[in-house]
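Positions are given from 1, in the same order as the sequence printed here. Values in this document were obtained by computation on a predicted structure and should not be read as measured data. Whatever order the structure lists them in is the order used to number ligands and atoms, beginning at 1.
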Amino acid sequence: MLNIIIFGAPGSGKGTQSEYLIKKYNLAHISTGDVLRAEMKNGTELGKLAEGYISRGQLVPDDVVIGMLGHVLDSKKDVAGVVFDGFPRTLPQSNALDNLLKERGEEVSVVVSLEVEDPELIDRLIKRGQQSGRSDDNLETIKSRLDVYKDQTSPLKEHYKNTGKLASVKGVGTIDEIFVLISEAVDKVK
Ligand code: AP5
Ligand code: MG
């Protein structure tokens, strides 16, 4: 199975490129952000809990997201693998993912990190915020999302570099151009 982590800052194109990956390689897409937003929309306890964190641009606590991921993973059947989008975001999440995959006789295949500078990220998210209705697509929250990414999530890159799984890709250009680079990284581990 192909287990791809699509990694990068808010607005780096994780969701956009995931859509391409799942089609090309017949994979399931697990976006923890999408799952949390669906819970918010349905007004569940989990959704209510997540809402405050998301609108402030902070991470939802590890135990909550990790518990949720196990359930989501079990619901994905008959696929050639999984694209993990927006997970893991902390070292405990990354350890939890290793364990969840190990229990299933699997492991992370590759971590594709989309590299995009802050001004471009802010520009993309402000633009999207004009239609998305996402409670976190406003300048103040975007700035805290970027800070949280730098402080809590980007250190994972070093971790995956040490395990030999990191593939850094330039995340600027057309969506198709970027997808070619991502496909090259995936084909190496297929
Ligand atoms: P999440 O939903 O994961 O959001 P994010 O990481 O902030 O990233 P985005 O979804 O905004 O961006 P993206 O990288 O997917 O880019 P996209 O393709 O959309 O998380 C939201 C919140 O949920 C977190 O802040 C946290 O509170 C919580 N959460 C989620 N997971 C968690 C976890 N594991 N642990 C704890 N908390 C968690 O593209 C962005 C825009 O740019 C789009 O408009 C797109 O059309 C455009 N675009 C894409 N590619 C290009 C390109 N090449 N050129 C120009 N524009 C482009
Ligand atoms: Mg996304």
Q) Can any side-chain N or O of R145 pair as donor or acceptor with the backbone N or O of P10 at less than 3.5 Å? A) no
Q: Using the ring of F87 (Phe, Tyr or Trp, six-membered ring only), decide whether R89 places NZ or CZ under 6.0 Å from its centre and within 45 degrees of its axis.
A: no
Q: Sequence neighbours left out, what passes salt bridge (Lys or Arg N to Asp or Glu O under 4.0 Å) with K76? Give chain and number order.
A: none
Q. So which protein residues pack against ligand 1 under 4.0 Å, heavy atoms counted?
A. A9, P10, G11, S12, G13, K14, G15, T16, T32, G33, L36, R37, I54, Q58, L59, V60, V65, G86, F87, R89, Q93, R124, L125, R128, R134, D136, R145, G173, I175, I178
**Q.** Pairs involving residues 170-182, ordered by first then second residue, that meet salt bridge (Lys or Arg N to Asp or Glu O under 4.0 Å) (sequence neighbours left out)
**A.** none
Side-chain donor/acceptor pairs under 3.5 Å, residues 179-190, sequence neighbours excluded:
residue, atom, partner, partner atom, Å
S183, OG, K24, NZ, 3.4
S183, OG, F179, O, 3.0
D187, OD1, Y25, OH, 2.8

**Q.** S109 and N3: side chain donor to acceptor below 3.5 Å
**A.** no
